[in-house]
Amino acid sequence: MKKTQNYDHKKIEKKWQKIWDKEKTFSVKEDSKKKKFYGLIEFPYPSGDGIHMGHVRTDTAMDVICRKKRMEGYNVLYPIGWDAFGLPTENYAIKTGIHPTVVTKNNTNTFRRQLKSIGFSFDWLREINTSDPNYYKWTQWIFLKLYENGLAYKKKMLINWCPKDKTGLANEEVINGCCERCGTVVEKKEKEQWMLAITKYADRLEKDLDDVNYLEKIKIQQRNWIGKSEGAEIEFKIKNSDKKIKVFTTRPDTLFGVTYVVLAPENELVQQLSSQVKNWQEVDKYIKEVKGRPEMERTADGKDKTGIELKGIKIINPVNGEEFPVFVADYVLGGYGTGAVMAVPAHDDRDFAFAKKYNLPIKEVISLGGEASKSAEQAYIESGVMINSGKFNGRNNEEIMSEITKFAGGKMTTTYKLRDWIFSRQHYWGEPIPVVHCEKCGIVALKEKDLPLKLPLVKKYQPTDTGESPLALISKWVNTKCPKCGGKAKRETDTMPNWAGSSWYYLRYADPKNKKEFANIEKLKYWTPVDWYNGGMEHTTLHLLYSRFWHKFLFDLKLVPTNEPYQKRTSQGFVLGEDGEKMSKSRGNVINPDEIVKNLGADSLRTYEMFMGPFDQSITWSSDNIVGSKRFLEKVWKLQDRVTDNFSDSEEIITLINKTIKKVGEDIESMNFNTAISGMMIFANGLENQEKISRETYLDFIKILSPFTPHICEEIWAKFGNKKSITLADWPKWESSKIVSGKIKMPIQINGKVRGVIDVNSDLNEDEITKIALSNKDIFKWTLETPIKKTIFVKNKIINFII
RNA sequence: GCCAGAGUGUUGAAAUGGUAAACAAACUCGACUCAAAAUCGAGCGCUCGUAAGGGCUUGUGGGUUCAAGUCCCACCUCUGGCACCA
């Protein structure tokens, strides 16, 4: 037989990428006759470094899934675009003087070339770019809708301020008190900021998690972040005043154990009470001190609690009329609950520590039955029986929650840790916020016909030290007319964070060229929701939550057909450098995909990325191990020589191919790509000692391999005379009757230890197998002297003799 | 502290309660070669033994079971997330 030429990955990969491009193989249209599948990956930020191995891993995974779905007959949408606004581009522009638009264009060109060189089956006709005015027109439009509906508002507040990046940060962007991006310690700064009222959706964002198919850990993280907490709101009257302090507590059962109340330094009530506070100077000094401290210090681990009493203020316990002091302390947070807590030192660790430090009384109201007293080393926070609590004595603390709340004149309520989303950024390279500040009318939104509000061309992008956006320096742009009264007005100079464009991009993919609306509802009805969205865990509390919020808002306006944007969400682990550290330029451990594609080929790279380990785990890159993937493809290539027409495969091979088809199909669905590939390696190895293989079996194998390594499979597929792309081939079916072969290997155990293995027909019954087993030389000797007490037989699995 | 997840060869790892280490990589030996690479073949958890053949082994300690990496209890370590959230 004629030997095939060597596997020339460069030639093959170039050839097929050209064909896919020319024939627009992966471009799709709505087709009501076909069921759709919408697979989504997080669109990349086009940085100057080009794509990295992390992109390759997630894009390959979703590419495998999408390619399989196509072969199963789905109309598959697998789109790509660029999340192009953002700081690194702006910083690069500042450094080099090249306009961000140009930088972005260069970077996206690189990304596009790289992604194409790996053979992803993206629909390139739907490519989008968040920094394109045709796109951000609609980001601005959605903002206006939010504004119209009272969900976007301006607020003077202490914000997280990164002194290096010179910008405000959302709470989610502050990690351990540091800027997520550059690691600089975040400061507090008072500034007017645009806010989005995501908290209004907190309950739905929490509850609707029940209806989506996200990985459990993703749901848990979102739930923790939203931080739903049920409890009671209770008012404490201030003595000799008409003012009240409202507290939130999850433990109304401990009301009789309150010995003081604490206000957050930010709580407005503190200022209102100032005239009655005898030591106001001291208190004022304390508050200023706390506010000036960076958040990191205030919340540092194990930090000593500080506080100061508001002398002259007494408060009355609504359940028993007792009077006690009021404190201001830094361990109470202004932004959570009501910014005030009732302190029950006997049954709360923090209150306990504070009470010990300031020598405040500790009153026990729940008893385990024994003595957990004031001298105890810690608070008793478990449940138990009520004591010292008037009419509630003797009852279990958990059953009296709502009863005692009512008794105290309070009400049961729910609070969330989630805060409103700080939406302003003081930067150039983002979507301008489409409002003006009119001298007469105040804040006025632009009219829809005036969108997009384009970024002005400038020469300098430096953020200002005053905390204003660089846009503020462009007076020609800033000074404008009020759309309402025509009078003098100034444009808003803050821009949106880059979470804005990514909060709705998956909708634009359904209708990327639409000039009249962000996406046509009929098209959205066909394509959405996204069936499967894969992305990084680091976006769970940011992008994923933000976009769910925007989507729900659009749903409420009946602009999108579904309540949730993403039906299923999974995530991948990082690809680490060979030293086990995160790949980064400064560490010098970056592996460049271009190099790998050039030297070993896109198909080898794809195989290795899928084979290297479990998809959801972080994994260390190994330049050694990747050769195994290349060798596998060489082997597959050479197997062509053994294909024989009019040949029937052995029973062994028929079983093997059926098993492999089943395994690969199931493993792709569950994202066990590594075992799917090992299964195909086993198949290829299984053919090693066969001189011939049927064309049918070989091509079935090529079909199931093709989602992983499309180029080589297209080539082989075409070599066997197929005119149409393997993309259009049917996913092979397996037959359960062909999976169990007649002969099986059955281990034989003596007392649970394997002592031998026998080859038997799978349809034999227990007696027949026992006979064969006992005549086996490895088993025989064990049963010589001791009688068999018991036999355990599991069909097609095992036989175990107890002696 | 709280919430997830994970601890298996030299390495990446695999294993519906049923032969632990599949599949790969590295390594050793052999074939081919003047030689090297590539390729092919053999070996490759620890341990006793010349061998035949035993014994041990999935973080630690207990338990359930004919049978446990897998289930249950306690503990240790690591990774990720949250963290004074009342």
Side-chain angles (χ1 to χ4, degrees), chain A residues 6 175-176 215-225 227-229 231-232 247-252 254 261-262 264 298-305 329-333 335-344 347-351 353-354 381 415-419 537-538 540-541 573-574 607-608 611-614 616-629 631-632 634-635 638 672 674-685 688 745-757 778 781 789-803:
Chain A
N6 284 339
I175 310 291
N176 289 330
L215 287 184
E216 203 49 39
K217 61 177 174 180
I218 295 175
K219 286 192 186 185
I220 289 167
Q221 261 192 39
Q222 287 219 348
R223 286 214 165 93
N224 287 345
W225 190 260
K228 184 176 177 173
S229 172
V247 304
F248 172 75
T249 179
T250 53
R251 295 294 302 275
T254 60
V261 162
V262 191
R298 183 165 163 191
T299 60
D301 198 18
K303 196 193 81 67
D304 212 19
K305 293 175 176 42
D330 61 353
Y331 80 95
V332 175
L333 306 172
Y336 181 75
T338 59
V341 303
M342 57 179 227
V344 187
H347 305 290
D348 181 276
D349 288 330
R350 295 151 304 193
D351 300 343
F354 192 79
I381 54 173
T415 359
Y416 300 91
K417 285 187 205 169
L418 188 70
R419 317 278 174 85
M537 279 309 284
E538 71 274 21
T540 303
T541 52
F574 288 110
T607 307
Y608 176 59
F611 182 60
M612 64 200 306
D616 58 350
Q617 267 175 44
S618 287
I619 212 121
T620 306
W621 178 271
S622 162
S623 294
D624 273 342
N625 290 18
I626 192 172
V627 305
S629 301
R631 284 181 196 151
F632 166 61
E634 302 261 12
K635 189 180 278 180
K638 280 191 203 137
N672 294 121
N674 53 334
T675 52
I677 289 174
S678 85
M680 290 188 285
M681 285 172 168
I682 290 169
F683 178 82
N685 293 345
E688 291 279 272
K745 282 193 191 306
M746 182 175 277
I748 309 159
Q749 295 182 329
I750 304 290
N751 290 349
K753 276 198 172 17
V754 176
R755 296 297 180 183
V757 180
D778 293 330
K781 63 180 182 192
K789 278 199 283 201
K790 195 177 168 188
T791 304
I792 289 122
F793 174 74
V794 183
K795 196 161 160 60
N796 289 338
K797 277 276 153 67
I798 206 155
I799 187 158
N800 187 6
F801 299 112
I802 312 302
I803 59 172

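Here is the naming used below: chain letters follow the sequence lines, and residue numbers restart at 1 for every chain. Note that this is a predicted model, so its numbers are computed, not measured.
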What distance, rounded to whole Å, do you find between the two [atom1] atoms, one in [N] and one in [M]?
{"N": "U57(B)", "M": "U33(B)", "atom1": "P", "value": "49 Å"}
{"N": "C84(B)", "M": "G17(B)", "atom1": "P", "value": "41 Å"}
{"N": "C44(B)", "M": "C23(B)", "atom1": "C1'", "value": "15 Å"}
{"N": "G9(B)", "M": "G53(B)", "atom1": "C1'", "value": "23 Å"}
{"N": "C56(B)", "M": "A20(B)", "atom1": "C1'", "value": "13 Å"}
{"N": "A15(B)", "M": "A86(B)", "atom1": "C1'", "value": "47 Å"}
{"N": "G49(B)", "M": "G54(B)", "atom1": "C1'", "value": "9 Å"}
{"N": "G18(B)", "M": "C71(B)", "atom1": "P", "value": "11 Å"}

Quiz item: Closer to the 5' end of RNA chain B via nearest nucleotide, is it I626(A) or N751(A)?
Solution: I626(A)
Quiz item: If each of K790(A) and Q749(A) is mapped to the nucleotide of RNA chain B with the nearest heavy atom, which maps nearer the 5' terminus, i.e. the 5' end?
Solution: Q749(A)
Does [N] pair with anything, Watson-Crick or G-U wobble, both distances under 3.5 Å, and if so, with which nucleotide?
{"N": "G12(B)", "value": "C23(B)"}
{"N": "G1(B)", "value": "C82(B)"}
{"N": "A74(B)", "value": "U60(B)"}
{"N": "A68(B)", "value": "none"}
{"N": "U39(B)", "value": "A31(B)"}

Just the rounded figure in Å: distance from [atom2] of [N] to [atom1] of [X].
{"X": "Q221(A)", "N": "G5(B)", "atom1": "CD", "atom2": "P", "answer": "12 Å"}
{"X": "R755(A)", "N": "G53(B)", "atom1": "CZ", "atom2": "C1'", "answer": "11 Å"}
{"X": "D624(A)", "N": "G12(B)", "atom1": "CG", "atom2": "P", "answer": "13 Å"}
{"X": "M681(A)", "N": "A13(B)", "atom1": "CE", "atom2": "P", "answer": "15 Å"}
{"X": "F611(A)", "N": "A22(B)", "atom1": "CZ", "atom2": "P", "answer": "12 Å"}
{"X": "L333(A)", "N": "C82(B)", "atom1": "CG", "atom2": "P", "answer": "16 Å"}
{"X": "W621(A)", "N": "A25(B)", "atom1": "CH2", "atom2": "C1'", "answer": "14 Å"}
{"X": "W225(A)", "N": "C3(B)", "atom1": "CH2", "atom2": "P", "answer": "19 Å"}

Quiz item: What's the verdict on side-chain hydrogen bond (donor to acceptor under 3.5 Å, both in side chains) for K790(A) and N800(A), showing C-alpha distance, side-chain angles and the deciding distance?
Solution: CA-CA 8 Å; K790(A) 195 177 168 188; N800(A) 187 6; over 6 Å; no
Quiz item: Could one point to a donor on the side chain of N800(A) or the base of C66(B) with an acceptor on the other under 3.5 Å away?
Solution: yes
Quiz item: Taking the six-membered ring for Trp, are Y331(A) and F354(A) parallel (under 30°), tilted (30 to 60°) or perpendicular (over 60°)?
Solution: tilted
Which nucleotide in the set [options] lies at the smallest distance from any side-chain heavy atom of [X]?
{"X": "V627(A)", "options": "A86(B), A26(B), C23(B)", "value": "A26(B)"}
{"X": "K417(A)", "options": "A4(B), C82(B), C23(B)", "value": "C82(B)"}
{"X": "D348(A)", "options": "A86(B), G18(B), A14(B)", "value": "A86(B)"}

Whether [X] contacts [N] is assessed here as follows: a side-chain N or O lying under 4.0 Å from the phosphate OP1 or OP2. Is that the case?
{"X": "Q617(A)", "N": "A13(B)", "result": "yes"}
{"X": "S229(A)", "N": "A86(B)", "result": "yes"}
{"X": "Y331(A)", "N": "A86(B)", "result": "no"}
{"X": "R631(A)", "N": "U39(B)", "result": "yes"}
{"X": "N674(A)", "N": "A14(B)", "result": "yes"}
{"X": "R223(A)", "N": "C82(B)", "result": "no"}

Quiz item: Can you check whether F801(A) reaches R755(A) side chain to side chain, under 4.5 Å on heavy atoms?
Solution: no
Exercise. State, yes or no, whether a side-chain contact exists between T254(A) and M342(A) at a heavy-atom distance under 4.5 Å.
Key: yes
Practice problem: Assess the pair W225(A) and Y416(A): is the distance between their ring centroids shorter than 6.0 Å? | Solution: no
Quiz item: Which label fits G9(B), syn or anti, where anti is any glycosidic angle not within 90° of 0?
Solution: syn
Practice problem: Would you sort out whether F574(A) and W621(A) count as a ring pair (Phe, Tyr, Trp, His ring centres under 6.0 Å), showing the intermediate values? | Solution: CA-CA 10 Å; F574(A) 288 110; W621(A) 178 271; over 10 Å; no
